[in-house]
Amino acid sequence: MANYTTLSLRAAVALVSFGMTTTVVAQNADDQKVAAKRDNTPVEYVHVYGEQGKTTTATNLNLSLFETPQTVTAISRSQMDDFLLDKANEVLDYTPGVTVEEVETHRTYYTARGFDIVNFQYDGVGTPFAFGLVQGQSDTAVHQKIEVVKGAAGLITGLANPSATINYVRKRPTEDLQANARASVNEWNGYRLDGDVSGRLGDGVRGRVVVASEDTESYLDRHEDSTNLFYGVLEFDLSEETLLTVGHSYDLNEADGILWGALPLSYSDGTPTDYEVSTSSAPDWSFRDTEQQQTFVELKHQLSDKWMLSGIYTKTDTDIESELFYIAGSPNPDESGLSAYTGRYLNGVKRDMFDISASGYIEVGGREHQLVVGYNRADVEITGASYLDLANGYPALGSDWAQGNSPRPNFVDHDPIGGTSKVEQEHQSFYAAARISFSDQLSALMGARKAEYEQSGVSYGGLANTDADELVPYFGLSYQVTDDVMLYGSHSEVFSPQLFVDPQLRPLGAAKGESSEIGFKTAFNNERAILTVAVFQSEIGNLGVFVGNDIDSGVATYEPKTQESEGYEIELAGQLSDELNISAGYTKVDIRDVNGEVIPYIPEHMIKASASYQIPRIPALKVGGVLKWQDTITTTGATAKQQSYALLDLVLSYRLSEQVSAAININNLNDEKYYNSLYWDQAYFGAPRNVALSVSWTL
């Protein structure tokens, strides 16, 4: 079936390109010149859902979302503000086609089209992914929008994975003075304060500062979270042609009473457990503190009215300190019989990344065509150390394990070989892409990335030496049927280096495969809203699939698998009218392993829809809502099942004056009880119905 689908998709791509005359839609000359020039005052899309401006996430070419031959979902600042999406997990849980697998309170997998998302970017520049999952709770206050490109984006990131690429687009300074602030509270004794000030500081100098502070308890017993964030960025006009940008962010997330693993899903006699939503296995001494600092320097130089030279250097330091408590086994019906593992862990990741590219337009055959060439390099150092209490071990747990009374061990034992990890990675690649215009209707997008990857060091007693060298091609085609209708197809090879180790603590190496997509896009309201219908198919081999933690070191281990995915997506996002904004999508995905077995923790059917509507007769009042629905899932071993469920959120906001507005957000209005994820054989419940109040001020 997979081979037939692959051939069908390739045949359809060929028909799009050759059966309808010849290629690309070239922008008119004025639009092209504007696109090639530097923009000193980035547009603030504060009222529109989605994002219909230019994007470089998929191709590094200056294309609109309508022109990009892949499914692109953009979550704008307006959407984040309306629904209080203050954490990356919340934004992605709101994003059509994406599942957020919260296996623990502060470690999360993201998936799209059946595969884990391991591709991340900042402002369109790929970031090497160190861990098999996301740690901590990344704050969104620094982002102007978050883009998600479905399918492989092998053209501009060395981590070409058939799931999706997430691009975090940072806020930039504005020419005019802008300022806003917000205060919010929730029913778990939580508060949040954030502010954002931007504007001109002098002749040719602009700046922006974003701050946020949050402290809250939780619906989970003994769990508390705090965030302190600072982001500052400066822009300097060195000349009419040259723009220098310097920025730094600091994000500290501290969490107490956190889960390592989660709750058992069945008793020793096979009957399912059914704990209270607030139940947690974490004692109050457990914690995970995640500190990330990121500095970037960007230089853009306009070589001519049609060519731009860009270079960016980014340095990121992430330090994670944790003390963790894990329960193992299936309890007896009286809750006795469980055992525990504990550990203190120090983890760090240092990344130095550099990307330089030249992009612009060339004229061949009387038509203008877009071209980009570039070089990317990243040096990554990953360290880890574990500290245990080997002398005392940990006794069997009593039936009161959920009360959090388990004492803190004496974490003094450290094995300098088996309890230490230090891995160095070197990523470098050359890439080139062109958008070739053959006619006023048909365009071809083609390119390739020559990626080289070297890894050396030790990971908890095992050698981590591996390397890979791969040419990753990409091509896409688009045919503009009318001004508002675009047919497209795209295909990319898959090449994804992995830090994962197998149960013998040996490195897995890179996963490889291919990904294809065909579809059409229809624009509404002058491209302020776009409907996308896409059919996709992907196959990937040597993919690391989690199998468990190593008993001695606690390191997550993976087995290489081959998996195939196919399905379709329907998305509608943007401003349908002056009053109505919408972001909605339906996803159908069939993900199987090489033996044809369904991957059971991925929902086959999923709907995510959100909208806001400003009441015409009461212009100060805006109402909004979110619907999230997925069908039945189970754990891999079918030890537990989550029946299909729907979650409803509601927001009401009222503008008290030109500068001040107030809002009430009600999440999980229907008070659904559901598991956050069945990715592992343990799970915990999502938040029950809860209410947050906020007051916002805008200059």
Side-chain angles (χ1 to χ4, degrees), residues 45-46 48-51 55 57 65 71-102 105-112 116-124 127 133-150 163-171 182 184 186 192 194 196 210 212 214 216 225 227 229 231 249 251 253 290 292 571 573-574 581-585 587 606-612 624-628 630 647 649 651 663 665 667-668 676-677 686-687 692 694:
Y45 295 90
V46 292
V48 179
Y49 282 19
E51 179 65 79
T55 177
T57 306
L65 271 63
T71 304
V72 184
T73 303
I75 307 301
S76 66
R77 185 71 251 171
S78 177
Q79 293 165 271
M80 290 185 254
D81 291 340
D82 280 354
F83 297 105
L84 296 182
L85 307 177
D86 297 322
K87 304 299 180 184
N89 279 8
E90 296 168 345
V91 171
L92 295 169
D93 189 45
Y94 166 100
T95 303
V98 175
T99 67
V100 176
E101 306 289 345
E102 291 189 84
T105 46
H106 281 69
R107 294 204 297 181
T108 309
Y109 295 89
Y110 305 138
T111 78
D116 290 348
I117 299 175
V118 297
N119 305 338
F120 297 89
Q121 298 176 359
Y122 288 95
D123 296 335
T127 300
L133 36 69
V134 178
Q135 305 204 45
Q137 293 278 10
S138 177
D139 203 275
T140 63
V142 303
H143 305 310
Q144 187 59 37
K145 62 178 178 178
I146 296 177
E147 295 177 336
V148 180
V149 176
K150 310 294 177 53
S163 54
T165 297
I166 299 171
N167 182 22
Y168 298 104
V169 180
R170 289 174 284 217
K171 294 177 177 177
R182 184 186 65 185
S184 61
N186 65 37
R192 179 181 172 93
D194 52 307
D196 182 349
V210 178
E214 181 177 4
T216 184
D225 252 306
T227 292
L229 176 139
Y231 170 64
S249 64
D251 188 352
N253 176 235
T290 305
Q292 177 170 289
E571 288 193 21
N581 277 282
I582 190 168
S583 175
T587 304
M606 181 167 57
I607 294 174
K608 293 187 180 181
S610 59
S612 68
V626 179
L627 166 66
K628 291 180 284 189
Q630 68 175 51
L647 301 178
D649 299 341
V651 57
N665 290 72
N667 300 315
N668 194 359
N676 277 309
S677 171
S694 61

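Everything numeric here is computed off the predicted structure, so don't read it as measured data.
- Classification of Glu101 and Arg107 as a salt-bridged pair fails, no side-chain N sitting under 4.0 Å from a carboxylate O.
- Taking NE2 from His143 and CZ from Arg170, the interatomic distance works out to 8.5 Å, rounded to the nearest 0.5 Å.
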With side-chain hydrogen bond (donor to acceptor under 3.5 Å, both in side chains) as the criterion, how do Asp116 and Thr111 come out once you've worked through the C-alpha distance, each side chain's angles and the decisive distance to 0.1 Å? CA-CA 4 Å; Asp116 290 348; Thr111 78; 5.8 Å; no
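- Contact check for Asp93 versus Val98: no side-chain heavy atoms found under the 4.5 Å cut-off.
- Met80 places a side-chain heavy atom less than 4.5 Å from the side chain of Val91.
- Under a 4.0 Å N-O distance rule, the pair Glu571/Lys608 does not qualify as a salt bridge.
- In this structure, His106 and Asp225 approach most closely via the heavy-atom pair NE2-OD1, 2.9 Å.
- Of all heavy-atom pairs between Leu85 and Thr140, the closest is O-OG1, 2.8 Å.
- The OG atom of Ser163 lies 5.0 Å from the CD1 atom of Ile117; values are rounded to the nearest 0.5 Å.
- Using a 3.5 Å distance cut-off with no hydrogens or angles, the side chains of Tyr94 and Ser610 do pair a donor with an acceptor.
- Side-chain atoms of Asp649 come within 3.5 Å of backbone N or O of Asn668 as a donor-acceptor pair.
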May I have the step-by-step check of side chain to side chain contact (heavy atoms under 4.5 Å, CB included) for Met606 and Thr99, ending in yes or no? CA-CA 9 Å; Met606 181 167 57; Thr99 67; 3.7 Å; yes
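- Looking at Ile607 and Gln630, their side chains never come closer than 4.5 Å, going by heavy atoms from C-beta outward.
- Residue Ala212 comes nearest to Asp194 through the heavy atom pair CB-CB, 3.8 Å, listed as atom of the first residue, atom of the second, then distance.
- Looking at every heavy atom in both residues, Leu65 comes nearest to Ala74 through CD2-CB, 4.1 Å.
- To the nearest 0.5 Å, atoms CG (Asp86) and OG (Ser184) are separated by 6.0 Å.
- One distance of note links CG of Asp81 with OG of Ser76; it measures 8.5 Å at 0.5 Å rounding.
- The two atoms that bring Ala584 and Pro96 nearest to each other are C-CG, 4.1 Å, heavy atoms only.
- Asn89 has its side chain within reach of Gln137: a pair of non-hydrogen atoms, C-beta onward, lies under 4.5 Å apart.
- Judged by distance alone, with hydrogens and angles left aside, the side-chain atoms of Lys171 form a donor-acceptor pair with the main-chain N or O of Ala141 at under 3.5 Å.
- Side-chain atoms of Thr290 and Gln292 include no donor-acceptor pair closer than 3.5 Å.
- Closest of all the heavy-atom pairs between Phe83 and Asn665 is CA-ND2, 3.7 Å.
- Salt bridge annotation for Arg77-Asp196: absent, with no cationic side-chain nitrogen under 4.0 angstrom from a carboxylate oxygen.
- Arg192 pairs with exactly one of Thr216, Asp139, Thr227 by the side-chain hydrogen bond (donor to acceptor under 3.5 Å, both in side chains) rule, that one being Asp139.
- Within the model, atoms OH of Tyr122 and CG of Asn167 stand 10.0 Å from one another, a figure rounded to the nearest 0.5 Å.
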Starting from the C-alpha separation in whole Å, work towards a yes-or-no answer on side chain to side chain contact (heavy atoms under 4.5 Å, CB included) for Val148 and Leu92. CA-CA 9 Å; Val148 180; Leu92 295 169; 4.0 Å; yes
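- Residues Asn119 and Ile166 have side chains not in contact (no heavy-atom distance under 4.5 Å, counting atoms from C-beta outward).
- Side chains of Glu214 and Lys87 form a contact here, defined as non-hydrogen atoms less than 4.5 Å apart.
- Note that the CG atom of Asn676 and the OG1 atom of Thr108 stand 9.0 Å from one another [nearest 0.5 Å].
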